Amino acid sequence: MAKDTRCVSFFFRSRATTRRHVREINQLMNFIDTLDDLERDRYDKVLRLRERGINPYPLRTTRTHTIARVRELDERGEDPGVVTLVGRITANRWTGKITFADIRDGTGRIQLFLRQDNLGQETYKNFIKDFDLADFVQATGTLFKTKTGELSLQVAEISMLAKAVAPMPEKFHGLRDMETRYRQRYLDLMVNEDVREVFRARQRIVTAMRAYLDRSGFIEVETPALQPLYGGALAKPFVTYHNELERNLYLRIADELYLKRLLVGMFERVYEISKDFRNEGVDATHLPEFTMMECYQAYGDLSDMIKVVEDVFVECAMAARGTLQIQYGEHRIDLTPPFARVAMRDAILERTGVDIYVDDTFDALRARIEEKNLRVEPQMSWGKLVEKLFAAYVEPTLIAPTFIVDFPTDISPFAKKKPDDPRVTERFEIYVGGGEYGNAFTELNDPEDQWQRFMEQQTNRARGDAEAQQMDDDYVQALKHGLPPTGGLGMGIDRLTMLLTDQHSIRDVVLYPQLRN
RNA sequence: GGGCCGCUAGCUCAAUCGGCAGAGCAACAGCCUUUUAAGCUGCAGGUUCAGGGUUCGAUUCCCUGGCGGCUCACCA
């Protein structure tokens, strides 16, 4: 309460107490009531600045150089003369009539050198009293080296650009609390340099991928996120409702079916980088919304997609890390192509002794799986069982980049069957470091076969598989008009970023992750 | 959804067996004219996530709830 009075007393002293000003003061009091003690101390400074006729939130900024730029000039031995730098105060070391303050802008950090003799006693004292850690400031002066050789700005003038009322997290330990880090990401970014670097790397990865696809003749397109029918993947959707249309719409689970329709329309190479939404579990590798790149190449097939994957890994690794020899957790991984190719059947046989081509019925395979104490759901198909076996015994062992090829047909409703064995399809997934990063097919373009696959999915749905595809007559109709032979690929951007920035939770590569529950 | 763990000052963390809730940083009042997590003196800061229970007494033990994390199952 004493502090309230202190704040308000400043305000009072500088203004006549007309009725309007009384109302202003009451409104100010209401705001001050929302502040905690530390914020009130800082808010006093806002009022003090105003009392001296200084706007703590001015409209304009002057900036002659970025911090990175002056450092660059310094390294070249050039002196830019008088410069005006801006930034947030991140550290203050005062030793009497001299203060060292660090400021940081978007490009780097630099030390300000403030001396009473240079600024004048009043300005210097006002700086000490009213400028705090986290404030945005603008400082003008000349560059020099301190005794320890650190490039510093000898400040002649300093002014407030934006006063921070709330204190920033502790400088040494940073911000550790997970919940605060994700919910108030700005604090995390403000304090934790390595976090900022992860998101810069993410940007470089996406840019490199786009640049590669663009120069390979793929054109970037946009397809609906709100869809009357969802499809293109096996997953549970989010449902929403359109009031005027009076109908349910689904948030897309994949771009696939819309993109392939474009090839029917004679585009030859298309891609899209966008959010997909899947109404499923949340954990270290899954979020309800995630970013996917999908690309489709007419007159292509699986082998073209193998090349795209290898190229994308190379381009993105170089952009993010500058090397193909990356460290992911405990693993050293070499991303130099070509990557190994192993048939799913061989991989499973090697790790488990189970031959899925011998035990190629549901009952036979279930018996083999139950021997291994894995749970089998009644609605599972043969392909689901194969996938389960693969996920449990093979996937974690795939550290070096490996294409797993020949996926069961019933879990691959958009891939062409292999001519010599209709149980499996011409499909691969790329695995690195024990995780999956992409999925590609020689795309199914036979409308009759596609129709039968949709019918099969209906059967699975009736058996209780909530992820089964819905029949999409409109898509079958598109295929009837002719889809050229096509290779298609989807890659998870979030996971690729995790791999290339050595992050082990998807929440650490997404700025605002949906939190559990 | 199951199991395990966590929640204490603005931030990072302590608190013995159930016995006055503490430190560092940040803040506040000072000292200090080349610092690098600056230093020194002083001072202040708490709904110990919430609610209930056991107890003379609960940060601590029990129950319920909230919010997180890890993990298992499932999906990219």
Side-chain angles (χ1 to χ4, degrees), chain A residues 2-3 6 35-42 44-45 90-102 109 111-119 124 128-129 132-134 144-150 152 154 164-184 187 190-191 232-237 253-254 276-294 374-377 380 384 387-388 391-392 395 411 429-431 435-439 465-467 490-496 498 504-507 515-517:
Chain A
K3 278 178 179 162
R6 200 167 85 219
L35 304 179
D36 67 30
D37 287 351
L38 291 173
E39 292 170 340
R40 284 178 192 193
D41 281 338
R42 283 166 167 253
D44 275 348
K45 300 175 186 186
T90 57
N92 256 326
R93 298 176 289 281
W94 12 181
T95 116
K97 298 182 178 60
I98 283 182
T99 295
F100 297 91
D102 292 344
R109 181 204 71 92
Q111 177 169 269
L112 303 184
F113 179 81
L114 300 110
R115 181 155 61 173
Q116 181 172 293
D117 292 354
N118 299 347
L119 289 166
Y124 183 79
I128 301 287
K129 281 183 63 132
D132 290 306
L133 288 184
F144 77 111
K145 296 277 173 63
T146 61
K147 261 183 193 169
T148 55
E150 177 164 353
S152 305
Q154 171 101 28
V165 177
M168 62 192 278
E170 192 219 4
K171 57 186 166 183
F172 187 58
H173 296 93
L175 183 65
R176 296 225 170 114
D177 182 72
M178 292 290 202
E179 200 176 342
T180 310
R181 284 189 48 222
Y182 299 138
R183 289 195 197 279
Q184 291 175 266
L187 292 177
M190 190 189 303
V191 172
L234 303 180
K236 287 175 247 172
I253 58 171
D276 288 346
F277 306 87
R278 297 189 186 174
N279 206 340
E280 289 167 355
V282 175
D283 64 26
T285 54
H286 297 85
L287 286 174
E289 57 181 302
F290 61 101
T291 305
M292 179 87 109
M293 183 281 285
E294 289 190 34
L374 290 179
R375 203 171 71 221
V376 174
E377 305 288 346
M380 283 181 163
K384 285 253 179 197
E387 196 176 37
K388 192 170 183 69
E395 193 172 330
I411 56 168
E429 289 188 343
I430 174 67
Y431 288 85
E436 192 221 318
Y437 291 84
N439 180 18
D465 182 355
E467 292 171 0
M491 289 186 77
I493 303 283
D494 311 285
R495 290 193 181 172
L496 183 61
M498 286 167 67
H504 299 262
S505 168
I506 193 170
R507 288 180 291 266
L515 298 183
R516 240 181 136 79
N517 257 336

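All values below come from the heavy atoms of this structure, side chains included, with hydrogens, waters and symmetry mates left out. Reminder, nothing fancy here: chain letters follow the sequence lines and each chain counts from 1. Small disclaimer: the values here were computed from a predicted structure and weren't measured.
- Considering only side-chain N and O atoms, A/R115 lies nowhere under 4.0 angstrom from the phosphate OP1 or OP2 of B/U34.
- Qualifying side-chain hydrogen bond (donor to acceptor under 3.5 Å, both in side chains) partners for A/T95, counting only residues two or more places apart in sequence or in other chains: none.
- Taking 3.5 Å as the limit, the base of B/U33 and the side chain of A/T95 contain no donor-acceptor pair of atoms between them.
- Between the base of B/U35 and the side chain of A/Q111 there is a donor-acceptor pair shorter than 3.5 Å.
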Every protein N/O within reach of nucleotides 41-43 of chain B N/O, cut-off under 3.5 Å:
none

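- Nucleotide B/A26 holds its P atom 6 Å from the CH2 atom of A/W94, rounded to whole Å.
- Atom-to-atom, NZ of A/K171 to C1' of B/C13 comes out at 17 Å; the value is rounded to the nearest Å.
- Atom CZ in A/R176 sits roughly 21 Å away from atom P in B/G68 (whole-Å rounding).
- Not a single donor-acceptor pair under 3.5 Å links the side chain of A/Q184 to the backbone N or O of A/R181.
- Partners of A/H504 according to the ring pair (Phe, Tyr, Trp, His ring centres under 6.0 Å) rule, which considers only residues two or more places apart in sequence or in another chain, are A/Y328.
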Which string of ( ) [ ] | and . matches RNA chain B, if you list each base 5' to 3' and count Watson-Crick or G-U pairs only when both distances are under 3.5 Å?
(((((((..((((.....[..))))..((((.......))))......(((((..]....))))))))))))....
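- In this structure, OH of A/Y124 is placed 12 Å from C1' of B/U34, rounded to the nearest angstrom.
- Note on A/K45: only backbone sugar-phosphate atoms sit closer than 4.0 angstrom, heavy atoms only; bases stay farther off.
- Judged as a ring pair (Phe, Tyr, Trp, His ring centres under 6.0 Å), and not counting sequence neighbours, the contacts of A/F113 are A/F100, A/F144.
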What protein N or O atoms touch nucleotides 6-10 of chain B N or O atoms at under 3.5 angstrom, if any, and at what distances?
none

